[in-house]
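Please read all numbers here as calculations on a predicted model, not as lab measurements. Throughout, protein chains are lettered first and strands after them, A, B, ... in sequence-line order, and every chain is numbered starting at 1.
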2 protein chains.
Amino acid sequence: MPDSEPLDAVDTGIVSALSQDARATLTQLAEQVGLSVSSVQARLRRLESRGVITGYRPIVDAEAVGKPLAAFIEISPLDPAQPDNAPELLEHLDEIEACHSIAGDASYMLFVRVASPRELERLIGQIRQAAAVRTRTTIALQTFYEYRPLVPAASEKRPLGR
Amino acid sequence: MPDSEPLDAVDTGIVSALSQDARATLTQLAEQVGLSVSSVQARLRRLESRGVITGYRPIVDAEAVGKPLAAFIEISPLDPAQPDNAPELLEHLDEIEACHSIAGDASYMLFVRVASPRELERLIGQIRQAAAVRTRTTIALQTFYEYRPLVPAASEKRPLGR
DNA sequence: AGTGAAAGAATAAAAGA
DNA sequence: TCTTTTATTCTTTCACT
């Protein structure tokens, strides 16, 4: 439950700079936003402790780590009368990268990555069994882009000097 | 086009550690994998230049940055005879976080984030117009998890001391 | 490829405005 | 809440294995 206080321009600048490179140093961030390093450090810690920033991830080539096959899996309860806690029941399956509840035919949308069609088959079986659901799977053939920055670069927002 | 040489245990360890915290210092990574800092630095640079790691992102609370509404948008060409370069045509829309081509009824699956239903309506209009497609939108009601590490923590793979 | 050491850079903590 | 200062830690480079 992140703090609901709105972000000021400096906070937004920090988040924006990190969105381009989350390994940027405090010194680099400080240059970007025009404050001292210490201030930026305090701001960043506050953003983290308020839950505005909840972690940092590398963008990893899926093939290089042996998971070239991505898919969307929509799931729906077999028995709509049963209590539904599919996200919990599936949390241990670490092939699942994301889990959203959705408005539509299905109850949830998962995004998964696996090594092979064979592994996908196995994973779908595990999902069905673990959560008592039926599934509808859509294979991703090619990823054009993903993990695009949630907050666009600050330099793109005010085309001043460029 | 990332290098296809397979990752050894050390590389995997580095990627795994970064997957938990992409802002980890080289010193921390070195501890994790049991090599010197210099070696880890050289390894990490190599992973980056080979395209195994292509960037770093913060995980940002979508509400805090004013984009509380997420949706999946499937798109299909209005005229299947036309050349199809939808991903390019849509790239400038920075509300689009991801774009995959898919096997299924539709041609592409987008994942988008916007400020409001009104903004979603506007975005869908822009997508239709820019790429000459029809769309099918599924709203995300709640996100249980996302951006889960592609590579699980090394400590979870060999439950030795814990 | 990996190590260790030395110089330079970044971070953390503290004090004051 | 920002800045400056200082101590500590991290990163970088390089000579060597």
*Is there a donor-acceptor contact under 3.5 Å from the side chain of A:S49 to the main chain of A:R46?*
yes
_Side chains of B:T135 and B:R128, donor plus acceptor under 3.5 Å_ = yes
*Any side-chain donor-acceptor pair under 3.5 Å between A:S36 and A:S39?*
yes
Non-hydrogen side-chain atoms of [X] and [Y] separated by less than 4.5 Å:
X	Y	answer
B:R57	A:P149	yes
A:P152	A:S16	no
B:R50	B:E5	yes

Atom-to-atom span, [atom1] of [X] to [atom2] of [N] - whole angstrom:
X	N	atom1	atom2	value
A:R46	C:dA12	CZ	P	18 Å
B:L44	D:dC10	CG	C1'	14 Å
B:L26	D:dT12	CG	P	6 Å
A:E31	C:dT11	CD	P	11 Å
A:Q28	D:dC10	CD	C1'	14 Å
B:L29	D:dT9	CG	P	18 Å

*For the pair B:F111 and A:H100, name the ring-plane relationship: parallel under 30°, tilted 30 to 60°, perpendicular over 60°.*
tilted
What's touching nucleotides 6-9 of chain C from the protein side, N or O pairs under 3.5 Å?
none

_Between B:Q41 and D:dT12, is there a contact of a side-chain N or O with OP1 or OP2 at under 4.0 Å?_
yes
*Would you indicate, yes or no, if C:dT11 has its OP1 or OP2 atom less than 4.0 angstrom from a side-chain nitrogen or oxygen of A:R45?*
no
*Any Lys/Arg nitrogen of B:R113 or B:E119 sitting under 4.0 Å from an Asp/Glu carboxylate oxygen of the other?*
no
_Side-chain ion pair, B:E121 and B:R118, N-O less than 4.0 Å_ = yes
For nucleotides 3-6 of chain D, print each protein N/O atom paired with a nucleotide N/O atom at under 3.5 Å, atom names and distance only.
from, atom 1, to, atom 2, distance (Å)
D:dT3, OP2, A:S36, N, 2.6
D:dT3, OP2, A:S36, OG, 2.6
D:dT3, OP2, A:S39, OG, 3.1
D:dT4, O4, A:S38, OG, 2.8

